[in-house]
Engineer: 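A single structure is presented below for examination.
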Amino acid sequence: MADSLVLVTGGAGFIGSNLVDALLAKGHSVRILDDMSTGKRSNLPMDNPKVELIEGDVADAALVTRVMAGCSAVVHLAAVASVQASVDDPVRTHQSNFVGTLNVCEGMREAGIKRVVFASSAAVYGNNGEGESIVEDTPKAPLTPYASDKLSSEYYLDFYRRQHGFEPAIFRLFNVFGPRQDPSSPYSGVISIFSERAVKGLPITIFGDGEQTRDFIYVGDLVQILVQAVEARQVEEGAVNVGLNKATTLKQMLEALSEVVGQLPPISYAPARSGDIRHSRADNTRLLQRFTLGETTPMSVGLARLLGR
Ligand code: NAD
Ligand code: UD2
């Protein structure tokens, strides 16, 4: 399996570029298809001859088919990752978040590629399972175009599994954090926003009382799982939650951040965001059954790496 060529769509982004590093470290070559809408060339080791970057859109079916040539597996991460963007412009984001997946499936079918790793989201559960550890069988309740596109993508990948023998490894990611996560939008991951503001001494706003919880996983731990899925002998059916089954309040996260940066800037409180989920935690039994999670990165260590300390 080592030294195979892996196509990573969205490989210039936050999770994608961390995955590229991990695949290269395992001896693979990587072809990246990315439209650079949020991805950055500077995230990638472009001087490595095993890295090839093709700038283009996953909504371009002919291009997607062309870039499959010679690949043994696909990791499909390209998407407009902002939920709010999907609410503001469902037609545009549907092209990336759903049509892109369908193009990947068709391109793989033509090229005879079976293995595909897909980044779905905890958003497919909507508010269901809130306050409990969410198991994969929890009824789905997509509340936004983003979540609907992710769930539809899952269903299509399962269709190609049954009809065309695909081996899809589908991961429902909870809250991922770490280096290269873009803090520039108000809807960026809370850790990327708070970290950047803490370093710059800019005030931090907590929406709600700060007692809401999230199941944060460090990107380095996530990509180890993604690499295993690329290399696995076989893939079992059914999507897999990716989280640590650990609830951290925003206040606890800020405490950890203050230990890394020293003094925090002023913190203010604003009303909770409408529709905000109060508690989100992954039941990760299936993840632990199918993959090796190993020792996970403590939040303080992940924060220190994010801040380059
Ligand atoms: P990101 O924005 O850093 O990465 C997405 C990448 O896809 C970017 O490089 C972007 O330029 C590229 N892209 C977007 N639209 C494209 C298109 N039409 N054609 C080609 N490339 C395109 O975000 P991320 O956090 O690294 O997200 C990666 C994947 O993981 C996404 O599918 C996202 O929905 C999913 N996900 C992320 C999280 C999280 O906590 N970060 C949680 C759940 C799911
Ligand atoms: C995450 C995903 C989203 C979707 C959802 C599914 C990210 C960026 N978003 O949304 O894509 O999958 O999970 O449930 O990964 N907050 C503040 N201050 C800020 C920014 C955020 O208090 O400046 C709060 C926010 O109101 C929320 C918490 O921090 O209570 C986490 O916010 P988030 O945007 O990082 O992630 P989340 O869980 O809302």
Side-chain angles (χ1 to χ4, degrees), residues 8-19 32-41 43-44 54-60 63-64 67 75-86 92-93 95-97 99-101 103-104 118-127 130 134 142-144 146-147 149-150 153 171-178 180-183 185-194 196-197 203-217 219 222 226 242-243 248-251 253-254 267-280:
V8 182
T9 72
F14 160 49
I15 295 172
S17 64
N18 280 284
L19 174 65
I32 296 152
L33 175 63
D34 199 301
D35 70 354
M36 310 310 269
S37 49
T38 56
K40 295 189 192 88
R41 201 169 251 275
N43 284 343
L44 296 168
I54 295 166
E55 291 192 29
D57 190 342
V58 284
D60 178 345
L63 174 65
V64 170
V67 300
V75 184
H76 180 41
L77 304 175
V80 178
S82 159
V83 176
Q84 188 60 38
S86 83
R92 184 182 68 85
T93 57
Q95 289 300 315
S96 301
N97 295 4
V99 175
T101 307
N103 288 341
V104 165
F118 176 63
S120 184
S121 167
V124 301
Y125 300 116
N127 290 321
E130 191 178 358
I134 300 172
L143 299 174
T144 57
Y146 173 85
D149 283 336
K150 288 292 184 192
S153 294
F171 293 106
R172 296 189 185 133
L173 310 182
F174 280 64
N175 293 65
V176 186
F177 77 101
R180 303 181 193 147
Q181 189 167 29
D182 181 7
S185 137
Y187 296 98
S188 297
V190 65
I191 290 186
S192 68
I193 295 175
F194 285 6
E196 194 200 34
R197 299 187 77 81
I204 283 172
T205 305
I206 294 180
F207 300 120
D209 60 5
E211 296 296 337
Q212 66 265 51
T213 56
R214 291 295 184 269
D215 191 343
F216 293 107
I217 181 166
V219 68
L222 163 66
L226 300 180
V242 182
T248 302
T249 67
L250 288 197
K251 283 182 176 168
M253 183 264 280
L254 277 169
I267 294 172
S268 62
Y269 289 82
R273 280 177 174 165
S274 88
D276 196 47
I277 291 172
R278 179 100 180 129
H279 299 295
S280 168

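Bear in mind the structure is a predicted one, so any value in this text is a computation, not a measurement. One is the number of the first residue; the rest follow in order along the sequence. In listed order, ligands and their atoms are each counted from 1.
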Engineer: Can you pull out the closest protein heavy atom to atom 18 (N) of ligand 2? Residue, atom name and distance to 0.1 Å, please.
Structural biologist: Thr205 O, 2.9 Å
Engineer: Judging by distance only, is a nitrogen or oxygen of Tyr187 under 3.5 angstrom from one on ligand 2?
Structural biologist: no
Engineer: So which of Val190, Asp276, Thr249 gets nearest to atom 25 (C) of ligand 2, if we judge by its closest heavy atom?
Structural biologist: Asp276
Engineer: Could you tell me, atom by atom, which parts of ligand 1 come under 4.0 Å of a heavy atom of Gly39?
Structural biologist: 8 (C), 9 (O), 10 (C), 11 (O)
Engineer: In plain terms, say whether Arg278 and Asp209 are close enough for a salt bridge, that is, a side-chain N and a carboxylate O under 4.0 Å apart.
Structural biologist: yes
Engineer: Which atoms of ligand 2 are found less than 4.0 Å from any heavy atom of Arg273?
Structural biologist: 20 (C), 21 (C), 25 (C), 26 (O), 34 (O)
Engineer: If you take all heavy atoms of Val58 and Ser96, which pair is closest and at what distance?
Structural biologist: CG2-O, 3.9 Å
Engineer: Please write down residue, atom name and distance for the protein heavy atom closest to atom 9 (O) of ligand 1.
Structural biologist: Asp34 OD2, 2.5 Å
Engineer: For ligand 2, find out whether one of its N or O atoms is nearer than 3.5 Å to an N or O atom of Gln212.
Structural biologist: yes
Engineer: Please confirm whether Thr9 comes under 4.0 Å of ligand 1, counting heavy atoms of the residue only.
Structural biologist: no
Engineer: If you have a sec, work out which protein heavy atom is nearest atom 23 (O) of ligand 1 and how many Å separate them, to one decimal?
Structural biologist: Ala81 CB, 3.6 Å
Engineer: Of all the non-hydrogen atoms in the protein, which one sits nearest to atom 2 (O) of ligand 1, and at what distance?
Structural biologist: Thr38 OG1, 2.7 Å
Engineer: Can you give me the closest heavy-atom contact between Tyr187 and Ser82, atom names plus distance?
Structural biologist: CB-OG, 4.5 Å
Engineer: Whether the side chain of Asn97 engages the backbone of Val80 through a donor-acceptor N/O pair (distance < 3.5 Å, no angle test) should be reported.
Structural biologist: yes
Engineer: Could you list the atoms of ligand 2 found under 4.0 angstrom from a heavy atom of Gly189?
Structural biologist: 8 (C), 35 (O)
Engineer: Relative to the heavy atoms of Ile206, which atoms of ligand 2 are at a distance of less than 4.0 Å?
Structural biologist: 22 (O)
Engineer: Among Ile15, Asn97, Leu19, which residue places a heavy atom closest to atom 41 (N) of ligand 1?
Structural biologist: Ile15
Engineer: Can you name the closest pair of heavy atoms from Leu19 and Val75 and give their distance?
Structural biologist: CD2-CG1, 3.5 Å
Engineer: For ligand 1, which atoms sit closer than 4.0 Å to a heavy atom of Met36?
Structural biologist: 11 (O)
Engineer: For Val83 and ligand 2, does the shortest N/O to N/O distance drop below 3.5 Å?
Structural biologist: no
Engineer: Report the nearest protein non-hydrogen atom to atom 12 (O) of ligand 2: residue, atom name, distance rounded to 0.1 Å.
Structural biologist: Ser121 OG, 2.7 Å
Engineer: Starting from atom 17 (C) of ligand 2, locate the nearest protein heavy atom and write down its residue, its atom name and how far away it is, to 0.1 Å.
Structural biologist: Phe207 CD1, 3.4 Å
Engineer: Examine ligand 1 and decide if any of its atoms is less than 4.0 Å from a heavy atom belonging to Ala59.
Structural biologist: no
Engineer: Please could you name the atoms of ligand 1 that Ala119 approaches to less than 4.0 Å, counting only its heavy atoms?
Structural biologist: 29 (C), 30 (O), 32 (O), 35 (C)
Engineer: Would a search of protein heavy atoms around atom 3 (C) of ligand 2 find one under 4.0 Å away?
Structural biologist: yes
Engineer: Note the single closest protein heavy atom to atom 13 (N) of ligand 1, along with its residue, its atom name and the distance in Å.
Structural biologist: Asp35 OD1, 3.3 Å
Engineer: Distance-only, no hydrogens or angles: does the Arg172 side chain make a donor-acceptor pair with backbone N or O of Ser120 under 3.5 Å?
Structural biologist: no
Engineer: What protein heavy atom sits nearest atom 24 (C) of ligand 2, and how far away is it?
Structural biologist: Leu250 CD1, 3.7 Å
Engineer: Nearest protein heavy atom to atom 31 (C) of ligand 2, by residue and atom, and its distance?
Structural biologist: Arg214 NE, 3.7 Å
Engineer: Examine Ser121 against ligand 1 and note whether any of their N/O atoms are separated by less than 3.5 Å.
Structural biologist: no
Engineer: State if Phe174 counts as touching ligand 2 under the rule of any non-hydrogen atom under 4.0 Å.
Structural biologist: no
Engineer: Could you tell me the residue and atom name of the protein heavy atom closest to atom 19 (N) of ligand 1, and the distance to it rounded to 0.1 Å?
Structural biologist: Val58 N, 3.0 Å
Engineer: Does an N or O anywhere in Leu77 fall below 3.5 Å from an N or O of ligand 1?
Structural biologist: yes
Engineer: Can you check whether Phe216 reaches Ile191 side chain to side chain, under 4.5 Å on heavy atoms?
Structural biologist: yes
Engineer: Just go through Gly11, Gly178, Gly13, Ala79 and tell me whose heavy atom is the nearest to atom 14 (C) of ligand 1.
Structural biologist: Ala79
Engineer: Establish whether atom 35 (O) of ligand 2 and some protein heavy atom are separated by less than 4.0 angstrom.
Structural biologist: yes
Engineer: Which protein heavy atom lies closest to atom 10 (O) of ligand 2, and at what distance to 0.1 Å?
Structural biologist: Asn175 ND2, 4.3 Å
Engineer: Measuring from non-hydrogen atoms of Ser37 to any atom of ligand 1, is the shortest distance under 4.0 Å?
Structural biologist: yes
Engineer: Report the nearest protein non-hydrogen atom to atom 40 (O) of ligand 1: residue, atom name, distance rounded to 0.1 Å.
Structural biologist: Val176 N, 3.2 Å
Engineer: Given Phe174, Phe14, Tyr146, identify the one with the heavy atom nearest to atom 33 (C) of ligand 1.
Structural biologist: Tyr146
Engineer: Pull out every atom of ligand 2 sitting under 4.0 Å from any heavy atom of Ile277, numbered as shown with elements.
Structural biologist: 14 (O)
Engineer: Which residue and non-hydrogen atom of the protein lie closest to atom 5 (C) of ligand 2, and at what distance in Å?
Structural biologist: Ala123 CB, 4.5 Å
